[in-house]
Novice: 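Below are the structure tokens for one structure; questions will follow.
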Amino acid sequence: MRVFITKDYEEMSERAFEIVKELVVENPYAVLGLATGTTPLGLYGRMKADHKKNGTSYRHVRTVNLDEYMGLPAVHEQSYAYFMKKNLFDGLDIDLNNTHIENGMAPSAEEECENYNRLLKMLRQDIQILGIGSNGHIAFNEPGTPFNSQTHVVELAESTIKDNARLFKDVSEVPRKAFTMGLKNIMDAKKIVVLANGANKAKAVKEAIQGNMSENVPASILQSHEDCTFICDEQAAALL
Ligand code: GLP
């Protein structure tokens, strides 16, 4: 596991952008595993600006997203499908048919999970971008999730509901359940880049990188990935 410590959020985003751009230029058919949350917004902003300025093309790129709230349709402003369209896809020349995310409105959750697992087998991530929750979760794999888990439905931890409430009008509007790629689906990626910024991530970053590998800290599984890089700003790296 490699760890880069950057001065601030902008430098963290720039480093991540350089990695993604190099991959897409080298392989125009790359599969990008993407994340939501506020952390990757600087990366996505740079991808859009670079596409506009330099014409870097995403026409053949395929994407798979980590997770989606259960019960929110793709047109809902707080759904992750909406987030991706607004914050990334609309600013690229990507074919929306090549972008994938769990369907929060799927009539059968079980079938949706099976379908997503099948899709991930065909679209193995060349790179998986991750954020990290303040409790050490990755995607929506909350503490206690088995390391060999695949796509499943989760009950969100109270701390996650509280963390994510800032994006909703009221905490009561945050869905209690979500679809998420499992830890095994994430570990199947050829390369993983974890982004973390801000003091509220410092404890999770320390436990993920230097703690024991334990299902109590889902991100600690990344210690056993052969090509995983953490890019943390100084505040997130403060306890290392
Ligand atoms: C959310 C998402 C994760 C994300 C994390 C951190 O719950 N499911 O994929 O990495 O929380 O979010 P943020 O980047 O806003 O701190």
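Just so we're clear, the structure is a prediction, and the values are computed from it rather than from any experiment. Order of listing sets the numbers, starting from 1, for every ligand and every atom in it.
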Novice: Counting each atom of ligand 1 from 1 as listed, which ones have a heavy atom of Gly131 under 4.0 Å away?
Specialist: 10 (O)
Novice: Salt bridge or not between Lys162 and Glu158? Use side-chain N to carboxylate O under 4.0 Å.
Specialist: no
Novice: Any chance you could measure Phe140, atom CZ, to Asp67, atom CG, to the nearest 0.5 Å?
Specialist: 5.0 Å
Novice: Considering only non-hydrogen protein atoms, determine which one is nearest to atom 12 (O) of ligand 1 and report residue, atom name and distance to 0.1 Å.
Specialist: Gly37 CA, 4.1 Å
Novice: Please list the nearest protein heavy atom to atom 11 (O) of ligand 1 with its residue and the distance rounded to 0.1 Å.
Specialist: His137 NE2, 3.3 Å
Novice: Numbering the atoms of ligand 1 from 1, which are under 4.0 Å from a heavy atom of Asn164?
Specialist: 1 (C), 7 (O)
Novice: Counting non-hydrogen protein atoms only, what is the nearest one to atom 14 (O) of ligand 1? Give residue, atom name and distance.
Specialist: Thr39 OG1, 2.4 Å
Novice: Should the ring pair Tyr44 and Phe83 be called parallel, tilted or perpendicular, given that the plane angle runs from 0 to 90° and is split at 30 and 60?
Specialist: perpendicular
Novice: Please indicate whether any nitrogen or oxygen in Asp67 is less than 3.5 Å from any nitrogen or oxygen in ligand 1.
Specialist: yes
Novice: Are Thr38 and Arg166 close enough that a side-chain donor and a side-chain acceptor fall under 3.5 Å?
Specialist: yes
Novice: Can you see whether Thr151 engages Glu102 through a side-chain donor-acceptor pair at a distance of less than 3.5 angstrom?
Specialist: no
Novice: For residues 176-195, which residue pairs pass the ring pair (Phe, Tyr, Trp, His ring centres under 6.0 Å) check, not counting sequence neighbours?
Specialist: none
Novice: Rounded to the nearest 0.5 Å, how far apart are CD1 of Ile186 and OG1 of Thr180?
Specialist: 6.0 Å
Novice: Is Met181 close enough to touch ligand 1? Criterion: a residue heavy atom under 4.0 Å from a ligand atom.
Specialist: no
Novice: Is it the side chain, the backbone, both or neither of Glu68 that has a heavy atom closer than 4.0 Å to ligand 1?
Specialist: neither
Novice: Using a 4.0 Å cutoff against the non-hydrogen atoms of Phe140, which atoms of ligand 1 qualify?
Specialist: 7 (O), 8 (N)
Novice: Atom 16 (O) of ligand 1: which protein heavy atom is closest, and how many Å away?
Specialist: Lys201 NZ, 2.6 Å
Novice: Salt bridge check, Asp90 against Lys86: does any charged N sit closer than 4.0 Å to a carboxylate O?
Specialist: no
Novice: Cut-off 3.5 Å, side chains only: do Thr56 and Asp50 have a donor facing an acceptor?
Specialist: yes
Novice: Of the protein's non-hydrogen atoms, which lies at the shortest distance from atom 6 (C) of ligand 1, and what is that distance?
Specialist: Ile132 O, 3.6 Å
Novice: Note the single closest protein heavy atom to atom 3 (C) of ligand 1, along with its residue, its atom name and the distance in Å.
Specialist: Ala139 O, 3.6 Å
Novice: Decide whether an N or O pair under 3.5 Å exists between Thr36 and ligand 1.
Specialist: no
